[in-house]
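Notes follow once the structure below has been shown.
Remember, it's 1-based here, ligands and their atoms both numbered in the order they're listed. Note that these values count all heavy atoms, side chains included, but never hydrogens, waters or copies made by symmetry.
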Amino acid sequence: MTLADRSLVTIDDLSNGEIEGLFSLTDGMSESMSDQFGVCRGKIMASLFFEPSTRTRLSFETAMHRLGGDVISAVDIKGSSLAKGESIADMAKIVGSYADIIVIRHPWEGAAKIVANYAGVPVINAGDGSHEHPTQTLCDLYTIKKERGTIKGLKIALWGDLKHGRTIHSLIYALARFGATILFHPGPGFELPEHVIRKLTTEYEGELKKYEALEQLTAGATFPLDAIYMTPVSPHQLAMMPDVSIQVEMEKGVDALYITRRQTERLSALPEGQDITDDYPIVNKELLNRKAFKKTLVMHPLPRVDELAHELDADPRSMYFKQAARGVPIRMALLSLLLGVKDISISAEGNSSINKSDYPVYSRDTGISCSNPKCVSIQKTEVKYITPEFKIVNDNPLTLRCIYCEHEIQPKYIASADWHEGRLNSKKYHSASSHWARIIKPENLIIFDSESVAKTHGFKPSHYTESEQHISGTEKIINEE
Ligand code: NCD
């Protein structure tokens, strides 16, 4: 099967079967590194890194050099025309006309998707803000598979900055898809974002048990745990598992402990009185002496700061330098697949695992925009050509997920495009929390941020703009006609 001309923006752009196929190709390439020279002869990779990077950029560039291809690069926004106010779409078109493949890291969430939409060549997301970092996940999964032979059924603990860590977000989705149990232990204030939790529990259909229920159970226990995610392999297993057996399970040992640094560059002001050094998890020799970690792989995407002690570097359980080293053959395999110079064979079953939830899409131009200040779709240089687009992921409460950064918003007012039916007086807007959110068909839905915008569009308030209690029976019948 060919992966030619595909882009890798989120980890869900690859099915489990494709990831397995890529890993087999990686195995082959690592075994005969010197034979790979020339595989990508004549191809050019553009390496655009608009945020600091050591491992990701240099391993991509090394990979292309080892394949015999060439590299062009831009490593600083200030050194490119983006600094002059050029849009990402224009940059993508230009670079796409020079290079055969583009690797991009950018601080705005959704930036890689825009590049993929406009470049006309395959694009690889090397990190877009706090959103995703799919190729780091390939390094992480490959390491777990190499060391443990499988991912299914393993207990993987994720510690540290679960809020801003893009490596964490991509890894969570992949672990869920491969059937691992995930144990969460964030630093205080660094908990998983709501939109990631929703995706995990609705699209991957597993069960998340949160801190509140586990608090007593884990207080003073050998394994700190704030939430646990069980995969759909056995969806009701956890619900049926008495709390006490969760701790027994934990005591049996954790297969991998993945820690990340605080993403200080992404922090907005901390709540008053909170110090970022307060209670942030630290992995050191003392911790690893505990029974639960006896055979645990210690993983970190690097760079580390204070959360991972240097005293562990020589410990055979430490995997972080191996994770980084494996980045070269993995990225060699990925580049040659997307450039179409290699292909893989995968089973139909392996290919069915991509998460493709079929939500209705909202893309009307009614003034609704993403509320995430880091989203590419609301940036001054980009609003001129990007139409905000959302997936309607829930109708009670009405919830929209931005297709670029995946943050969610819960808009306040709605109306139906099916208002007229010959009667202008039925052109009304309602509260999004009223039953109308469930009645209006997605294709007719019109969403407003505020009453004034609704009025500007010629809509009048219905009796459903406050809450359902204010509605008289007669009004209800008239409106539903
Ligand atoms: C990570 C990143 O950039 O998101 N680094 C990497 O690519 N290996 C993790 C980090 O910066 O903390």
Report task. Assess the pair Y229 and Y204: is the distance between their ring centroids shorter than 6.0 Å? Result ->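 Judged by ring-centre distance (under 6.0 Å), Y229 and Y204 do not meet the cut-off.
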Would you tell me whether [X] and [Y] have side-chain atoms, one donor and one acceptor, within less than 3.5 Å of each other?
| X | Y | value |
| --- | --- | --- |
| S47 | E61 | yes |
| D140 | Y258 | yes |
| E132 | N125 | no |
| Y359 | N394 | no |
| E382 | S87 | no |

Top protein contact for [atom], by heavy-atom distance:
| atom | answer |
| --- | --- |
| atom 11 (O) of ligand 1 | R261 NH2, 2.9 Å |
| atom 3 (O) of ligand 1 | R166 NH2, 2.9 Å |
| atom 9 (C) of ligand 1 | L302 O, 3.6 Å |

Query raised in the report: Do any N/O atoms on P301 end up under 3.5 angstrom from N/O atoms on ligand 1?
Result: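 Between P301 and ligand 1 (N or O atoms, distance only) the closest approach is under 3.5 Å.
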Query - Closest to atom 1 (C) of ligand 1 (judged by heavy-atom distance), picking from T264, I168, T167 - result: T167
Query raised in the report: Just going by heavy-atom distances, which of R55, Q136, H133 is nearest to atom 7 (O) of ligand 1?
Result: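 Nearest heavy atom to atom 7 (O) of ligand 1 lies in H133.
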Query raised in the report: Applying a strict 4.0 Å limit to heavy atoms, is E51 in contact with ligand 1?
Result: no
Requested in this report: Determine, using heavy atoms of G127 and all atoms of ligand 1, whether some pair is separated by less than 4.0 Å.
Outcome: no
Report task. Have a look at ligand 1 and work out which part of T260, if any, has a heavy atom under 4.0 Å from it: side chain, backbone, both or neither. Result ->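 Answer for T260: neither.
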Report task. Could you walk me through whether K391 and E203 pass the salt bridge (charged side-chain N to carboxylate O under 4.0 Å, His left out) test, one step at a time? Result -> CA-CA 13 Å; K391 289 181 182 172; E203 270 140 74; over 6 Å; no
Requested in this report: Number the atoms of ligand 1 from 1 as they appear, then name those within less than 4.0 Å of a heavy atom of R105, with their elements.
Outcome: 3 (O), 7 (O)
Requested in this report: Please could you name the atoms of ligand 1 that T56 approaches to less than 4.0 Å, counting only its heavy atoms?
Outcome: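 Heavy-atom distances to T56 below 4.0 Å select 6 (C), 7 (O).
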Requested in this report: Output yes when a side-chain donor or acceptor of R166 lies under 3.5 Å from a complementary backbone atom of G129, and no otherwise.
Outcome: yes
